[in-house]
S.K.: 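Following this message is one structure expressed as structure tokens.
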There are 2 protein chains.
Amino acid sequence: MDLSQTLQSVSTRDAVYRVLKSQILQLELPPGTGISEKEISIKFNVSRTPVRESFVRLAQEGLLEVYPQRGTVVSLIDSVLVEEARFMREHLERAVIRLACAAFPANSLSSMKRNLAMQRVCIEEQDYKSMFQLDEEFHHMIFEGCSKKNTWDVVQQIKVHLNRSRMLRLAADYDWEYLYQQHLLLYEAIEQQDVQHGDSLMREHMELTIADQTMLKQKYPHYYK
Amino acid sequence: MDLSQTLQSVSTRDAVYRVLKSQILQLELPPGTGISEKEISIKFNVSRTPVRESFVRLAQEGLLEVYPQRGTVVSLIDSVLVEEARFMREHLERAVIRLACAAFPANSLSSMKRNLAMQRVCIEEQDYKSMFQLDEEFHHMIFEGCSKKNTWDVVQQIKVHLNRSRMLRLAADYDWEYLYQQHLLLYEAIEQQDVQHGDSLMREHMELTIADQTMLKQKYPHYYK
DNA sequence: CCTACTACACTTGTATGGTAGTATGGTAGT
DNA sequence: ACTACCATACTACCATACAAGTGTAGTAGG
């Protein structure tokens with residue numbers, strides 16, 4: 001693998017970090033995989049230093065487990081942590097949607113309207129990759145409209161732990177139409193300033209991922225702790 | 001400075017990390033202070049490597065800002081981030097206290113009762129350092145009783161950004177008696193399973209730190225961004 | 001006197017060698 | 001055949017050397 005393209009703009013460390021993180025979240029490096037500094041440094045054709053520093057960051061995010069003098073493995077998925085991550089995200093998103101339903105800038109609202117229109121198109125064209133991106137941006141816009149950028153960043157950190165189990169239940173089996181309907185209703189709640197409705201809608205929306213955690217754990221036992 | 005004592009149990013990197021983090025949060029390294037890897041490595045009598053890896057972690061937590069080839073400074077306090085941290089903590093603590101008021105294990109409840117008794121003693125003895133610790137443990141127990149250990153860890157991460165501004169308004173000027181009364185009421189809400197009361201109590205409790213943020217920013221302008 | 005350039009003293013970034021601890025497979029001894 | 005031991009090949013950890021970029025002070029030239 002060659003990182004030279006990425007290297008132009010950012011440091012070697014950041015490039016290694018991003019590639020590794022992506023590979024872990026995409027399950028290209030499955031949970032439990034043993035990796036070593038030397039192995040990665042050879043693979044990426046860099047020295048061990050930037051690799052080590054990437055390991056430090058990834059370990060802090062809970063994606064790697066480093067055992068001194070023994071080795072490093074990609075963290076197993078912790079189903080307790082996954083549920084708590086969902087819990088945290090639910091309550092933060094609900095707190096923000098309540099703010100949004102109380103007051104929301106007009107230009108952010110119209111941005112969301114455009115986003116919804118693009119979601120409509122993506123579903124009809126079955127472009128689920130773009131839809132995934134639009135879903136992210138939709139939620140991001142709610143936080144931005146409420147001036148809660150840092151909160152969004154924290155949610156992103158938390159979501160890391162939801163990501164891999166979401167990846168397991170292949171992206172295809174999502175009911176995107178239902179998802180779109182929920183987004184539409186959330187938008188309307190903000191527009192009509194209906195705090196209670198927005199709150200219950202978001203709670204419902206966040207409970208989508210609560211299911212089949214045990215099912216996944218049974219299906220992929222070696223990926224779970 | 002010598003780290004040899006700490007070195008027995010943990011790695012040099014962790015020792016450096018802990019000391020630096022402590023010094024930053026205690027304002028012994030005030031916001032805006034310029035520090036270099038070499039300077040710290042000489043001071044601690046270690047090589048640059050573990051210092052660098054500590055810097056990576058601290059930068060990720062937002063306590064350091066690293067400018068490549070130029071230098072590293074202790075992050076200025078971001079008042080927007082402080083308020084958002086308070087916002088996040090409030091909603092997570094409220095979500096958990098509602099769980100606690102719905103169902104709470106008896107042994108955790110009695111642990112809290114013992115903690116409250118010790119708080120009573122500390123206030124009378126004006127031992128505010130221990131009181132600070134007991135305050136932490138009190139909230140921790142609520143999370144533990146609800147099996148939300150990971151959520152507590154995230155709250156701890158978030159609280160880092162509250163810590164320094166709380167340190168500025170010297171610990172002494174806290175109304176510990178009022179704090180104790182709030183804790184007592186929170187305990188009773190859990191005991192009596194009064195969800196609504198617990199929620200509003202915690203909201204009030206979390207709003208304690210909302211004040212005088214602008215005052216602090218005026219008093220210590222060079223510490224703020 | 002003022003400007004522009006250069007040399008130098010910094011900084012962080014990267015590469016590499018050596019150290020200590022761990023796991024494993026093979027071998028000698030029972 | 002089985003167990004205990006030892007050599008070996010790993011691992012992450014730490015120290016050090018080198019590279020590359022930045023700011024500044026001092027100096028030469030106008």
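Here is how names work: the chains are called A, B, and so on, in the same order as the sequence lines, proteins then strands, and each is numbered from 1.
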S.K.: State whether the side chain of Ser22(A) and the backbone N or O of Arg18(A) hold a donor-acceptor pair below 3.5 Å, judged by distance alone.
M.R.: no
S.K.: Based on Watson-Crick and G-U pairs with both distances under 3.5 Å, what dot-bracket line describes DNA chain C 5' to 3', crossing pairs as [ ] and inter-strand pairs as |?
M.R.: ||||||||||||||||||||||||||||||
S.K.: Send over the distance from Phe44(A) CZ to dG13(C) P, rounded to a whole Å.
M.R.: 19 Å
S.K.: Write out a two-atom table: protein N or O, nucleotide N or O from nucleotides 8-11 of chain C, distance below 3.5 Å.
M.R.:
residue: dT11(C); atom: OP1; partner: Ser36(B); partner atom: OG; Å: 3.2

S.K.: May I ask you to list the residues of residues 51-61 of chain A, by number, that have any heavy atom positioned under 4.0 Å from an atom of DNA chain D?
M.R.: Arg52(A)
S.K.: I need the CZ-P distance between Arg13(B) and dA15(D), as an integer number of Å.
M.R.: 12 Å
S.K.: Looking at residues at least two apart in the chain, or sitting in another chain, which of them share a salt bridge (charged side-chain N to carboxylate O under 4.0 Å, His left out) with Lys225(A)?
M.R.: Asp78(A)
S.K.: Just N and O in the side chain of Thr12(B): are any of them under 4.0 Å from OP1 or OP2 of dC14(D)?
M.R.: yes
S.K.: Which of these nucleotides, dA15(D), dT12(C), dC13(D), is closest to any side-chain atom of Ser47(B)?
M.R.: dA15(D)
S.K.: Could you tell me the separation between the CZ atom of Arg48(A) and the P atom of dA15(D), rounded to a whole number of Å?
M.R.: 14 Å
S.K.: Kindly write out the residues that satisfy side-chain hydrogen bond (donor to acceptor under 3.5 Å, both in side chains) with Glu61(B), not counting sequence neighbours, or none if the list is empty.
M.R.: Gln60(A), Tyr17(B), Lys21(B)
S.K.: Would His205(A) and His183(A) satisfy side chain to side chain contact (heavy atoms under 4.5 Å, CB included), going step by step from the backbone distance to the final call?
M.R.: CA-CA 9 Å; His205(A) 193 53; His183(A) 285 166; 3.3 Å; yes
S.K.: Please check if atom CE in Met206(B) has more than 12 non-hydrogen atoms from other residues, nucleotides or ligands closer than 6.0 Å.
M.R.: yes
S.K.: Answer yes if the ring centres of His139(B) and Phe143(B) are under 6.0 angstrom apart, and no otherwise.
M.R.: no
S.K.: Take Phe138(B) and Leu179(B), measure what side chain to side chain contact (heavy atoms under 4.5 Å, CB included) needs, and give me the verdict at the end.
M.R.: CA-CA 12 Å; Phe138(B) 182 84; Leu179(B) 209 69; over 6 Å; no
S.K.: Given the rule in the side chain to side chain contact (heavy atoms under 4.5 Å, CB included) test, do Leu64(A) and Ile35(A) qualify, once you have shown the distances and angles that lead to the verdict?
M.R.: CA-CA 9 Å; Leu64(A) 287 184; Ile35(A) 59 178; 3.9 Å; yes
S.K.: Side chains of Tyr128(B) and Cys122(B), heavy atoms from C-beta outward: is any pair under 4.5 Å?
M.R.: no
S.K.: Looking at residues at least two apart in the chain, or sitting in another chain, which of them share a side-chain hydrogen bond (donor to acceptor under 3.5 Å, both in side chains) with Glu137(B)?
M.R.: none
S.K.: Tell me, with the steps shown, if Val96(A) and Trp152(A) meet side chain to side chain contact (heavy atoms under 4.5 Å, CB included).
M.R.: CA-CA 10 Å; Val96(A) 171; Trp152(A) 173 252; over 6 Å; no
